[in-house]
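Report on one structure; see the data block that follows.
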Amino acid sequence: MLEETNPEALNRQKQIRRTGLKELPNAKKGEVVLRFAPNPNGPLTLGHARGVTINSEYANLYDGKVVLRFDDTDSKVKPPIKEAYRWIESDYEWLTGKKPDVIIRASERMDIYLEYAEKMLGEGFGYVCKCSAAEFKKLRDNSEECSCRNKTEQENLSDWILMNDGSLGEGTAVVRVKTSVNLPNPALRDWPALRIQHSLHPMVGNKYKVWPLLDFQSAIEDYLQGVTHIIRGKDLMDSTRKQTLLYEHFDWEYPETLYWGRVKIHEFGSFSTSGMRKDIEKGVFNGWDDPRLPTLRALQRRGFDADAMKDFWIDLGLTQKDISVSLQTIEAFNSSVIDERCERRAFVRDPELLDIEFIDGNYLSTLSIKRHPTSHIEGDRIWDLIDRKIYLEKKDLLKKEIRLKDFADVEIKKQKVSVQSYERLDKRAIVHWLPISMAKKAILTIPEGDKIVIQEGMMEDFELIKGSIVQLERVGYAIIESENNSDIIQLLWLHG
RNA sequence: GCUCGUGUAGUGUAGUGGUCCAUCAUGAAGCCCUCUCGAGGCUUCGACCCGGGUUCAAAUCCCGGCACGAGCACCA
């Protein structure tokens, strides 16, 4: 049957799994311009990481450019932080491994936006509206025009001057884009483009009295930068529609637009920069790099690898579904990247000191153990056994016969362990341990939700280099935070 | 309420009319290997929101439900 109707269906290839990002619609190699536009009111979070990764990856794929644009046109509700510009640039660079192709700040391009606003008023597709927000909402919800809508260009332009010279106070006037009050979607009806803000801006002070809103500023700037593809959250779908109406007025062509849905990480919930800022100010967290926080700098500090993060976001891809993923998934990506370059070290929590007794009174004075079990890293760790005292984890003492990893089968008797064989003779449990001469006190800090859990123990004192990630055998990965010859080793937990 | 969007295993994701009793990752369970509870290898578990329709054939197209999410700020 099938042979008659559709013969080629019979020898079609099995569909293969697409890897990497989907093709960008209407994209020509070498001509793609993308943008990533954060508000500089804090450093980048895991949520931003998606935008950074997807945009820069598409730029790579199409030999395109990424514009990093600081959307800092609100100094009141989400005031910019002066340092955040720098933070974001460095977070971006950490994650992508390179600088953005273009960096601009909306606040330094204000003259341009105001010029376009004036043009809009002069050409009659915008107007200065003096209704209160509440009044306008009421009119808009009933598809009614407000009386400001039919002012002449001259009247609008003179009101515009009053807005700009500071004669009109905050909240008394707003510039609207004329669309139509009959649009089915109320959000699009004569939407506000610029409003008055007299508050001080951290970068340009009180130079401007009128500031554009996101939809206006972003629309103008995307045009000016020649942005060909906008990739944004789907919560901004109405922005696309508003901006498209503005582009029609200016007779410009709107970029291709793609959307992603909302991402939550089980362990963190959603990412609110302003929320974190408050908590840091209140002292709930110690700073933007507090290991409990989902900021990129906190993740970087803990030892997450930028390439692993990138792999993770590309694997999630670009879908409009709202998703909630587990940190475990990111950790799995991270482990696969870092494992082969992490040396092993012993860390004995809840340590118990015991005497060790060798066979026939003979004893070994040193022991060589691989830095990495599959020799991704050459060389050995040398352990000194001369003192004949070792640390074991209390819970491992419950078993009576265990094997000290990389050393010997032993029997546990009260405060003593005695070697039965250096060869491995049976399948007894293998535990990690530490000779006293190699042990240094260590504190492992584990972020757990909103809390910090501290575990004390004895750490293998062998080439502990600040900033390096080690795998604590039978425990998990951690980063060394203390200086190289500290008396107490500070470890920060990464993951299992 | 209005407007918009999304529904594939526990969690993500591939797949846009046939070879799909549906891909891959992660997860869980188990096994092998390894002197780590790590790495590697293998096995198993587990999904097309529901109901109609179109068609020889539907995860895929159409209609209707339902569920979830977002926008309806002089925030971004």
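No hydrogens, no waters, no symmetry mates; every other heavy atom, side chains included, goes into these values. Each chain gets a letter, A, B and so on, in the order the sequences are listed, and its residues count up from 1.
When heavy atoms are screened at a 4.0 angstrom cut-off, A/Thr19 is found touching no nucleic acid atom at all. Looking at heavy-atom distances under 4.0 Å, A/Phe407 makes contact with a base. Looking at heavy-atom distances under 4.0 Å, A/Gly171 makes contact with a base. Residue contacts shown for A/Asp74 are limited to sugar-phosphate atoms, with no base heavy atom under 4.0 Å away. Residue A/Leu236 is classed as a base contact, given a heavy-atom separation below 4.0 Å to a base. Within the nucleic acid shown, A/Leu214 comes within 4.0 Å of at least one base atom, counting heavy atoms only. Here A/Thr319 lies in heavy-atom contact (under 4.0 Å) with sugar-phosphate atoms only. Looking at heavy-atom distances under 4.0 Å, A/Ala332 makes contact with sugar-phosphate atoms alone, never a base.
Checking B/C75, B/G5, B/C35 against every side-chain atom of A/Lys234, the shortest atom distance belongs to B/G5. Closest to the side chain of A/Asp235, out of B/G38, B/U26, B/G71, is B/G71. Nearest nucleotide to the side chain of A/Val77, out of B/A14, B/C74, B/C75: B/C75. Minimum atom distance to the side chain of A/Lys321 is reached by B/G7, of the listed B/C35, B/A76, B/G7. Looking at the side chain of A/Pro192, the nearest of the listed nucleotides B/G12, B/C74, B/U3 is B/C74. Taking every side-chain heavy atom of A/Pro373 into account, B/G38 is the closest of B/G38, B/C74, B/G69. The A/Asp315 side chain lies nearest to B/G12 when the options are B/G12, B/A76, B/C33. Comparing B/G71, B/A14, B/A39 by their closest approach to the side chain of A/Lys22 singles out B/A14.
Salt-bridge check for A/Arg69 with A/Asp222: passed, with a basic side-chain N closer than 4.0 Å to an acidic carboxylate O.
In this structure, a donor-acceptor pair under 3.5 Å is present between the side chains of A/Glu393 and A/His432. Between the side chains of A/Glu448 and A/Trp493, no donor N or O sits under 3.5 Å from an acceptor N or O. Looking at A/Asp215 and A/Ser239, their side chains do bring a donor and an acceptor atom within 3.5 Å of each other.
The separation of B/G46 from B/A9, taken at their C1' atoms, amounts to 4 Å, rounded to a whole angstrom. Nucleotides B/C48 and B/U16 are separated by 13 Å at their C1' atoms, to the nearest Å. Using C1' as the reference atom, B/C20 and B/U8 are 12 Å apart when rounded to the nearest Å. Using P as the reference atom, B/G15 and B/U6 are 15 Å apart when rounded to the nearest Å. The separation of B/G12 from B/C50, taken at their C1' atoms, amounts to 23 Å, rounded to a whole angstrom. A distance of about 40 Å separates the P atoms of B/G51 and B/C31, rounded to the whole Å. B/A25 and B/C63: their P atoms are spaced 36 Å apart (whole Å). The gap from the P atom of B/G71 to that of B/G18 amounts to 37 Å, rounded to the nearest Å.
A sub-4.0 Å separation between OP1 or OP2 of B/A73 and a side-chain N or O of A/Arg195 is absent. One finds a side-chain N or O of A/Thr73 lying less than 4.0 angstrom from the OP1 or OP2 phosphate oxygen of B/A76. Under 4.0 angstrom from either OP1 or OP2 of B/U26 there lies no side-chain N or O belonging to A/Ser326. Residue A/Arg18 places at least one side-chain N or O closer than 4.0 Å to OP1 or OP2 of B/A14. Between A/Arg140 and B/A73 there is a side-chain polar atom (N or O) within less than 4.0 angstrom of OP1 or OP2. Applying the 4.0 Å criterion to OP1 and OP2 of B/G38, one finds that A/Arg345 has every side-chain N and O outside that range. For B/A73, one of the phosphate oxygens OP1 or OP2 lies less than 4.0 angstrom from a side-chain nitrogen or oxygen of A/Lys137. Residue A/Lys242 places no side-chain N or O under 4.0 Å from the OP1 or OP2 atom of B/G71.
Here B/C66 sits opposite B/G7 as a Watson-Crick or G-U wobble pair (both hydrogen-bonding atom distances under 3.5 Å). Across all strands shown, B/U36 forms no Watson-Crick or G-U wobble pair with both key distances under 3.5 Å. Taking a pair to require two hydrogen-bonding distances under 3.5 Å in either a Watson-Crick or a G-U wobble arrangement, B/A47 remains unpaired. Pairing for B/C31 goes to B/G41, judged as Watson-Crick or G-U wobble with the two contacts each under 3.5 Å. Across the strands present, B/C21 finds no partner; the criterion is a Watson-Crick or G-U wobble pair with both atom distances under 3.5 angstrom. Applying the Watson-Crick and G-U wobble criteria (two distances, each under 3.5 Å), B/A57 pairs with nothing in any strand. In this structure, B/C72 and B/G1 make a Watson-Crick or G-U wobble pair, each of the two defining distances being under 3.5 angstrom.
A/Lys76 NZ: 12 or fewer foreign heavy atoms inside a 6.0 Å radius.
A ring-centre distance under 6.0 Å is not found for A/Phe407 and A/Trp383.
Evaluation of atom-type donor-acceptor distances gives no pair under 3.5 Å for the side chain of A/Gln328 against the base of B/U11. In this model, a side-chain donor or acceptor of A/Lys78 finds a partner on the base of B/C75 within 3.5 Å. The base of B/C35 is paired with the side chain of A/Arg403 by a donor and an acceptor separated by under 3.5 Å. Between the side chain of A/Arg344 and the base of B/U36, at least one donor-acceptor pair of N or O atoms lies under 3.5 Å.
Between A/Val325 and A/Ile265, some side-chain heavy-atom pair lies under the 4.5 Å cut-off.
For the pair A/Arg428 CZ and B/U36 P, the interatomic distance rounds to 15 Å; values are reported in whole Å. Regarding A/Asn182, its CG atom lies at a distance of 14 Å from the P atom of B/U3, rounded to whole Å. To the nearest angstrom, C1' of B/C74 lies 14 Å from CG of A/Asp190. Counting to the nearest Å, the C1' atom of B/G38 and the CG atom of A/Asp406 are 13 Å from each other.
The two atoms that bring A/Phe462 and A/Ile382 nearest to each other are CE1-N, 3.5 Å, heavy atoms only. In terms of heavy-atom proximity, A/Ala106 sits nearest to A/Tyr113 at O-CE1, 3.3 Å.
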